[in-house]
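Bear in mind that the values here come from a model prediction, so they are computed numbers and not experimental data.
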Amino acid sequence: MLTALTLAGPGSTAEGRVEPLDDHSPPTDHPLPVDRTGAHTAALLGLPAPAEFECGVSEILEPSCGVWWGASPYGDRIDSLESAVDRDMDLVYTWRGIDQADVPGERERRMIAEGRFVHTNIEARRFERSGHPDIAYEDILDGGFDSSLRSQARTIAEFDVPYFVTFDHEADANKRYRKRGTPDEFVRSWRHVVDLYREEGADNVIWVWNVTGWRDNLDRLPGLWPGNDYVDWISFEAYNMTGCDLMPHWDGVHSFEDALRPAYEWIQEQGPEHGIDPGKPIMIGEMGTTDIGPRETLRWYADIPDVLRRYERVRAVKVWDNRVSGCDFRINANEYARRGFELAGRDPYVNLPDRVRRMAAYAQSRD
């Protein structure tokens with residue numbers, strides 16, 4: 001599965017000027033540099049210039065040389081986010097119901113045509129009904145949604161491009177855990193969905209098991225694990241929710257690394273005893289911070305690539321570019337969030353060159 005394709009080549013540089021980010025002066029209003037290869041950004045962060053590198057991409061789209069950079073965009077407007085931060089997203093998160101047969105829909109089709117990877121969460125809810133009511137796992141296991149699931153699988157298979165899929169994300173969250181069924185029913189539903197997709201020939205689907213990964217939820221994960229044969233990537237979240245209405249007892253500020261570390265270390269250290277392969281690639285399915293001050297907010301995002309270099313199993317990251325009940329994570333709603341995310345997105349570790357994407361497409365065609 002991890003057959004790698006290797007490439008090497010010098011990176012070109014783009015002229016630009018970087019204002020120093022010391023700890024004593026506020027962020028300047030000067031525009032950030034246009035530096036697609038990250039040479040100036042690397043110098044700013046004290047990293048070696050990306051003059052030459054090797055990169056492999058596996059059949060499940062795991063890059064060996066860096067991280068895919070993506071988003072769940074506000075109002076489904078990926079173009080607004082990309083324009084604001086001056087780069088394309090590698091990976092875009094979309095949300096669909098298990099009762100919807102038209103997956104991928106028009107939005108996903110457009111993003112695929114424009115060269116992005118798509119990650120779709122198939123929720124155990126009726127998106128075709130007002131209010132999107134929940135669906136019990138036992139109804140899925142009884143075959144009540146086999147028709148729509150098979151339609152989704154056939155359509156995705158016809159695209160013949162890599163397509164990330166999750167079934168019912170955040171099954172460990174308090175608002176979902178044991179609400180739609182037992183952990184065992186979740187596991188059996190996950191396997192049921194995967195089996196149906198495979199029967200319809202959707203071998204281009206990459207299965208992403210997504211949980212919150214929050215420290216207090218870690219003991220729930222073993223009971224929700226579908227098995228190594230049913231999961232390609234492991235995904236969890238990395239948030240700072242200081243001042244968020246939904247989290248009145250949130251104390252202090254959690255850095256991106258603070259938020260990332262507990263679930264990452266649990267998977268690496270305790271995963272094997274629960275049958276979880278710690279070698280699987282990890283995706284940060286959602287991440288972001290509320291407003292914690294100009295410099296602090298900018299730094300929260302700008303530090304992400306350097307943090308990722310210390311957590312080598314993480315191979316994809318998506319920002320949650322949205323707001324929920326007073327929790328505002330929109331990149332364009334905060335100038336310093338935008339500038340920090342823009343700066344991070346230019347780092348070569350999360351800004352893989354176009355030829356790596358072409359190698360990824362070729363790797364998929366080899367299957």
Are W266 and H274 an aromatic pair by the rule of ring centers under 6.0 Å? yes
Hey, quick one: are M241 and F256 part of the same hydrophobic cluster, counting side-chain heavy atoms closer than 4.5 Å, chains of contacts allowed? no
With a 3.5 Å cut-off and sequence neighbours excluded, list the donor-acceptor pairs that the side chains of residues 73-85 form with protein atoms.
residue : atom : partner : partner atom : Å
Y74     : OH   : R323    : NH2          : 3.4
D76     : OD1  : R107    : NH1          : 3.2
R77     : NE   : D79     : OD1          : 3.0
R77     : NH2  : D79     : OD2          : 3.4
R77     : NH2  : S80     : OG           : 3.0
E82     : OE1  : R116    : NH2          : 2.8
E82     : OE2  : M89     : N            : 2.8
E82     : OE2  : R116    : NE           : 2.9

For the backbone of H132 and the side chain of R125, can you confirm whether one donor and one acceptor N or O come within less than 3.5 Å of each other? yes
Of all heavy-atom pairs linking V67 and V314, the shortest is CG2-O, 3.4 Å
Please check this pair: side chain of S148 against backbone of A101, looking for a donor-acceptor N/O pair closer than 3.5 Å. no
Are any side-chain N or O atoms of D321 and backbone N or O atoms of A71, one a donor and one an acceptor, separated by less than 3.5 Å? no
Shortest non-hydrogen contact from R109 to P104? NE-O, 3.1 Å
Could you go through residues 246-253 and list every donor-acceptor pair under 3.5 Å that involves a side-chain atom there, pairing it with any protein atom two or more places apart or in another chain?
residue : atom : partner : partner atom : Å
W250    : NE1  : N240    : OD1          : 3.3

Centres of the W209 and W225 rings: under 6.0 Å? yes
Side chain K179, main chain A136, donor-acceptor under 3.5 Å: no
Check for a donor-acceptor pair, side chain of Q100 on one end and backbone N or O of F127 on the other, with a separation under 3.5 Å. no
Distance check, rounded to the nearest 0.5 Å: E286 atom CD versus N121 atom CG? 9.0 Å
Looking only at atom types and distance, does a side-chain atom of D232 sit under 3.5 Å from a main-chain N or O of I60, one as donor and one as acceptor? no
Got a sec, which pairs hit salt bridge (Lys or Arg N to Asp or Glu O under 4.0 Å) with one end in residues 93-102, sequence neighbours left out? R96-D102, R96-E108
Between L141 and E185, which heavy-atom pair has the shortest distance, and what is it? CD1-O, 4.1 Å
Taking salt bridge (Lys or Arg N to Asp or Glu O under 4.0 Å) as the definition, give me every residue that meets it alongside D168, ordered by chain and number, with sequence neighbours left out. R180
Neighbour count above 12 (heavy atom, 6.0 Å) for R215 CZ: no
Apply side chain to side chain contact (heavy atoms under 4.5 Å, CB included) to R261 and list each qualifying residue two or more places apart in sequence or on a separate chain. E257, D258, E265, Y311
For the CZ atom of R313 and the CD1 atom of I282, what is their distance to the nearest 0.5 Å? 7.0 Å
Going from CE on M283 to NZ on K318, what distance comes out if it is rounded to the nearest 0.5 angstrom? 4.5 Å
Closest non-hydrogen atom pair between C55 and S64, with its separation: C-OG, 3.6 Å
Pairing residues for E199 by the salt bridge (Lys or Arg N to Asp or Glu O under 4.0 Å) criterion, not counting sequence neighbours: R150
Please report the shortest heavy-atom distance between S72 and W95, naming the atom on each side. OG-NE1, 3.2 Å
Within 6.0 angstrom of E106 CD, more than 12 heavy atoms from elsewhere: no
Which value, rounded to the nearest 0.5 Å, describes the distance between T289 atom OG1 and Y336 atom OH? 15.5 Å
Only counting residues at least two apart or in another chain, list the ones meeting salt bridge (Lys or Arg N to Asp or Glu O under 4.0 Å) with E335. R338
Would you find a donor on one side and an acceptor on the other, under 3.5 Å apart, between the side chain of D172 and the backbone of T212? yes
Partners of F159 by ring-ring contact (aromatic ring centres under 6.0 Å, His included), sequence neighbours excluded? none
Apply the test side chain to side chain contact (heavy atoms under 4.5 Å, CB included) to residues H192 and D146: give CA-CA distance (whole Å), side-chain angles for both, the deciding distance (0.1 Å), then the verdict. CA-CA 9 Å; H192 181 73; D146 284 8; 2.8 Å; yes
Tell me, with the steps shown, if V103 and T155 meet side chain to side chain contact (heavy atoms under 4.5 Å, CB included). CA-CA 7 Å; V103 177; T155 304; over 6 Å; no
Linking I/L/V/M/F/W/Y whenever any side-chain heavy atoms sit under 4.5 Å apart, do I331 and W320 land together? no
Would a single hydrophobic cluster contain both W69 and W300, if residues Ile, Leu, Val, Met, Phe, Trp and Tyr are joined by side-chain heavy-atom contacts under 4.5 Å? yes
Which label fits F167 and F186: parallel for a plane angle under 30°, tilted from 30 to 60°, or perpendicular past 60°? parallel
Any luck finding a side-chain donor-acceptor pair between T290 and T242 under 3.5 Å? no
Do Y93 and V350 belong to the same hydrophobic cluster, where Ile, Leu, Val, Met, Phe, Trp and Tyr are linked whenever their side-chain heavy atoms lie under 4.5 Å apart, directly or via other members? no
Mind running side-chain hydrogen bond (donor to acceptor under 3.5 Å, both in side chains) on R220 and N174 for me, showing each step along the way? CA-CA 10 Å; R220 299 174 176 177; N174 288 338; 3.0 Å; yes
Once rounded to the nearest 0.5 Å, what's the spacing between atom NZ of K280 and atom CH2 of W207? 13.5 Å
In Å and rounded to the nearest 0.5 Å, what is the SG to CZ distance from C65 to R315? 7.5 Å
When the ring centroid of F329 is compared with that of Y239, is the distance short of 6.0 Å? yes
Should I156 and M111 be counted in the same cluster of Ile, Leu, Val, Met, Phe, Trp and Tyr side chains packed under 4.5 Å apart? yes
Could D195 and R191 be called an ion pair, given the rule that one side-chain N must be under 4.0 Å from one carboxylate O? no
Those residues that, when tested against Y230, pass ring-ring contact (aromatic ring centres under 6.0 Å, His included) (two or more places apart): none
By the disulfide (SG to SG under 2.5 Å) test, which pairs, at least two apart or in different chains, include something from residues 291-327? C244-C327
Where is the tightest heavy-atom contact between T297 and I292, given as atom of each residue plus distance? OG1-N, 3.0 Å
Considering residues at least two apart in sequence or located in another chain, which fulfil the side chain to side chain contact (heavy atoms under 4.5 Å, CB included) criterion with A153? Y197, E200, A202
Take L343 and R346 through the side chain to side chain contact (heavy atoms under 4.5 Å, CB included) test and state the conclusion after the steps. CA-CA 5 Å; L343 179 60; R346 290 179 180 157; 5.6 Å; no
Can you see whether H119 engages T166 through a side-chain donor-acceptor pair at a distance of less than 3.5 angstrom? yes
Donor-acceptor under 3.5 Å (S235 side chain, G285 main chain): yes
How would you list, by chain and number, every residue that makes a salt bridge (Lys or Arg N to Asp or Glu O under 4.0 Å) with E170, sequence neighbours excluded? R176
Which is it for F236 and M287 under the side chain to side chain contact (heavy atoms under 4.5 Å, CB included) test, yes or no, and what are the steps along the way? CA-CA 9 Å; F236 52 87; M287 64 89 174; over 6 Å; no
